[in-house]
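Quick notes on the structure that follows.
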Amino acid sequence: MEFVIMGAILVGMVLFMSQSNKKARARAEEHRNSILVVGTDVMTTAGFYGRIVAIDGDAVTLESPSGDETVWSRLAIREQASIPFAPVSEEEAAAEDAAEAARLSASEEASAGASGADTASEATDHVTPRSTDSAFGEKKDESGSAWK
C-alpha cells in the first residue's frame, strides 16, 4: 500500500514538473517572438550585436554596425540589446571627425592624381568574380567552391 502511494506521488511530481517546463518554454518563445521585429537591436547567443533588417521564416537577417548583413537562425536571437559602446566625450568625437576628414581628403587627392583607367585595371586584377548560385544563397567563386 505504501508503494502505491509513493508511486502516485512520484508520478504526480513528474507531471507537475513537466507542465512547469512547458510553460517556461512557451513564455521564452513568446518573449523571443515579441522582440523579433524589423528594426530591433538584438544580441545573439554567440554575442553578435546587430539590427534586424529582415525576417523570413526561421531565418533572421542582422545588420552589423559596419553595414554587413548576416543570416541567423531565429533560435540564435537571445535578447533585445543595444551595442555597449564606450562613452565618447565631445572633444574625442571632434578629434575623430577631424582625423577622418583629413584621411578622406588625402585619399581623394591621391585618387584624383591617378588616371581612371589605371585605377580600374588595378581594381579588377585583385577581384575574383562571385555569384549566388545555390538555393541557400551560398556564394561561389569561379571555381565553383562555396564561400561565406
Checklist entry - Among Val42, Thr45, Thr44, which residue meets the side-chain contact (heavy atoms from CB on, under 4.5 Å) test with Arg78? => result Thr45

Next on the checklist: If we ignore hydrogens and angles and just use 3.5 Å, is the side chain of Arg74 paired with the main-chain N or O of Val60 as donor and acceptor?
Outcome noted: no

Checklist entry - Is it true that a side-chain atom of Glu96 and a backbone atom of Ala93 form a donor plus acceptor pair closer than 3.5 Å? => result no

What heavy-atom pair brings [X] and [Y] nearest, and what distance separates the two atoms?
X: Met43; Y: Ala81; value: CB-CB, 4.1 Å
X: Leu36; Y: Ile55; value: O-CD1, 3.3 Å
X: Ser105; Y: Ala102; value: OG-O, 3.0 Å

Checklist entry - Does a side-chain heavy-atom distance below 4.5 Å link Ile83 with Asp41? => result no

Next on the checklist: Taking transitive links into account, so neighbours of neighbours count too, which hydrophobic residues share a cluster with Val11 at under 4.5 Å side-chain distance?
Outcome noted: Leu15

Quick one: [atom1] on [X] to [atom2] on [Y], what's the gap to the nearest 0.5 Å?
X: Thr40; Y: Ile52; atom1: OG1; atom2: CD1; value: 5.0 Å
X: Glu90; Y: Glu92; atom1: CD; atom2: CD; value: 10.5 Å
X: Glu30; Y: Arg25; atom1: CD; atom2: CZ; value: 15.0 Å

Next on the checklist: With a 4.0 Å cut-off on N to O distance, would you call Arg103 and Glu100 a salt bridge?
Outcome noted: yes

Item to check | From CA spacing to verdict: side chain to side chain contact (heavy atoms under 4.5 Å, CB included), Val53, Glu69 | outcome: CA-CA 8 Å; Val53 293; Glu69 292 184 358; 3.9 Å; yes

Checklist entry - What pairs of residues pass the side-chain hydrogen bond (donor to acceptor under 3.5 Å, both in side chains) test when at least one of them lies in residues 8-22, not counting sequence neighbours? => result none

Checklist entry - Among pairs that include at least one residue of residues 40-59, which meet ring-ring contact (aromatic ring centres under 6.0 Å, His included), considering only residues two or more places apart or in two chains? => result Phe48-Trp72

